[in-house]
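Convention: sequence-line order gives letters A, B, ...; per-chain numbering from 1.
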2 protein chains.
Amino acid sequence: MAGPGTPGTESSRTESPRERYRSQVRAEVKERAWEQMAEAGASALSLNAIAKQMGMSGPALYRYFASRDDLITALIRDAYRGLADTVRLAYGTGEGEPAGSGAGSGGGPGADASREAGRASRGAEDATAPLARIAHALRGWALADPQRYFLVYGTPVPGYHAPEDITAIADEIMRTLLDACPAPPADRPATPFETHLADHRQWAAGHPAPPAALRRALSFWTRLHGVLSLELAGHFDGMGLDPDRLFAAELDGLLAP
Amino acid sequence: MAGPGTPGTESSRTESPRERYRSQVRAEVKERAWEQMAEAGASALSLNAIAKQMGMSGPALYRYFASRDDLITALIRDAYRGLADTVRLAYGTGEGEPAGSGAGSGGGPGADASREAGRASRGAEDATAPLARIAHALRGWALADPQRYFLVYGTPVPGYHAPEDITAIADEIMRTLLDACPAPPADRPATPFETHLADHRQWAAGHPAPPAALRRALSFWTRLHGVLSLELAGHFDGMGLDPDRLFAAELDGLLAP
DNA sequence: GGGCGCGAGTTAGAGGCTATCACTCGCGTT
DNA sequence: AACGCGAGTGATAGCCTCTAACTCGCGCCC
């Protein structure tokens, strides 16, 4: 199916013209698929409609994707990859860089939102600056294409199990989060849940973060997902509050203690 | 379920036999729909398959539901209704009641989980007991049928707008949450976000809760949704941690300060 | 008690979708 | 120059939603 070497996403070097064309068509199909998904959701994605848009006849697309599920899986993979890159880039970004372009597949807004993170003039408070940058990058990435976010964190299809390379990216995201979590002062007593985490840390196997940091990464993940997914789903719409400030407040409460 | 008066889900009194039969068939269709949804997700819901299961031929169901979307909307309405009832009932439950049966449509697990809420022997800490009961009832309701939870809080369909009677139920849920939020000690200074909420409280219009309580209800909602939705979607599956304890820890952190 | 209206259920069918199969045709390699 | 392989085609099966025209029988009204 895919070219030589790894059967992953993009081709490697020394592409033959055939392979070149092939991956180009695959990319265009995925682009149309993203458009369709943004305007009608994942369930409305139609291979047929995409083919017609591209001036081809229905079954032609089966040369490029084995099935509709296969296309959706590819989209999920790209979404995970883009999110992991976005998070990693936000973590790695120092203070000087203007953040540049080319983050994953979506790009768009949210690139400069990480500027106003922690300008608190204290030296010790800078330890949470990477987390703040990640938080704003995450929200920017999500707002740029909500359906893409929901492809990662939205309603699961009961039967579906993601292939291993996708779960590997999910692990990578958690690893970056752990990297960004500052080690807390060691003298604070561990909470009961932290002692539980000390014994149940398969997901952080091989990572040196102490239990308190695991707890922090977990809170960061679950709490930001809570506000963000409700915002993206429109549940704050008629309420009159400013989602921006709600997110900022949640982030504040997360970084302060 | 919902008694007479409102023209919502069930029929009113003095039903003619025709109407009786009609609402019975509607109920059976919805039951089969829930089964289908539980095992294959909302996008796999098929009117045709339901009709065949019931020994009828396809188009017959259009006597009972105007379209597939209409059926799904009815399911969404029932889900909201059941959630609102569950939350309300958990809030209203005193200490003596054994919780009984007949909570909404799902019932099932989580009914007795609210017992171990706040046994801290302090008198002032009991103020958070209703919130704890609601939290456990919410999780029980969600675990009993994850797809039902996702019908309320999962991936939204871009074009879809819920009818007004459904948003009314959503408001009712928020109102119950506000009822359950204890008023904080008035001497604490307001956070910036709380002052924002003081001016942007359309969603709590007519409710006497102070801004700090609004903030608390909002946090309760977003944070519990964060852990719960990630658990239901299976994102903790390979991680080795106990979702039960994670939820309890999140709830603890929510009620303590 | 008898006639009739209304609603439940049927079949036929249009149009859309996924997916398979057999086929043609042209580019790039040998 | 010839050939193989892969891109694209139309035909087809089977599923779906939803409409239209029709039949049949229960229950209401006179």
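The side chain to side chain donor-acceptor pair (under 3.5 Å) analysis of residues 161-172 of chain A, with sequence neighbours excluded, yields the pairs A:Arg77-A:Asp165, A:Arg81-A:Glu172. Applying the side chain to side chain donor-acceptor pair (under 3.5 Å) rule to pairs touching residues 35-48 of chain A yields nothing, sequence neighbours excluded.
Remark: P of C:dC27 and CZ of A:Arg20 are 18 Å apart, rounded to the nearest angstrom. Atom P of nucleotide C:dT18 and atom CG of A:Leu71 are separated by 10 Å, given to the nearest angstrom. Rounded to whole Å, the distance from OH on B:Tyr21 to P on C:dA8 is 9 Å. Taking atom CD of A:Glu19 as the reference point, atom C1' of C:dC27 lies 15 Å away to the nearest angstrom.
The nucleotide range of DNA chain D contacted by chain B, defined by atoms under 4.0 angstrom from heavy atoms of the protein and reported 5' to 3', is D:dC16 to D:dC26.
Partners of A:Asp242 under the salt bridge (Lys or Arg N to Asp or Glu O under 4.0 Å) rule, at least two apart in sequence or in another chain, are A:Arg245. The side chain to side chain donor-acceptor pair (under 3.5 Å) check on A:His200 picks up A:His196, with sequence neighbours excluded. Checked against side chain to side chain donor-acceptor pair (under 3.5 Å), A:Glu231 has the following partners two or more places apart in sequence or in another chain: A:Arg139. Contacts of B:Tyr62 classified as side chain to side chain donor-acceptor pair (under 3.5 Å), with partners at least two apart in sequence or in another chain: none. Remark: B:Trp203 engages no residue in a side chain to side chain donor-acceptor pair (under 3.5 Å) (not counting sequence neighbours).
Residue contacts shown for B:Arg63 include a base, since a base heavy atom lies under 4.0 Å away. Looking at heavy-atom distances under 4.0 Å, B:Tyr64 makes contact with sugar-phosphate atoms alone, never a base. Nucleic acid contact class of B:Arg18 (heavy atoms, under 4.0 Å, all strands): base.
Between B:Met239 and A:Gln202 the shortest side-chain heavy-atom distance does not fall below 4.5 Å.
The stretch residues 41-59 of chain B touches DNA chain D through B:Leu45, B:Ser46, B:Leu47, B:Asn48, B:Lys52, B:Pro59, each having a heavy atom under 4.0 angstrom from the strand.
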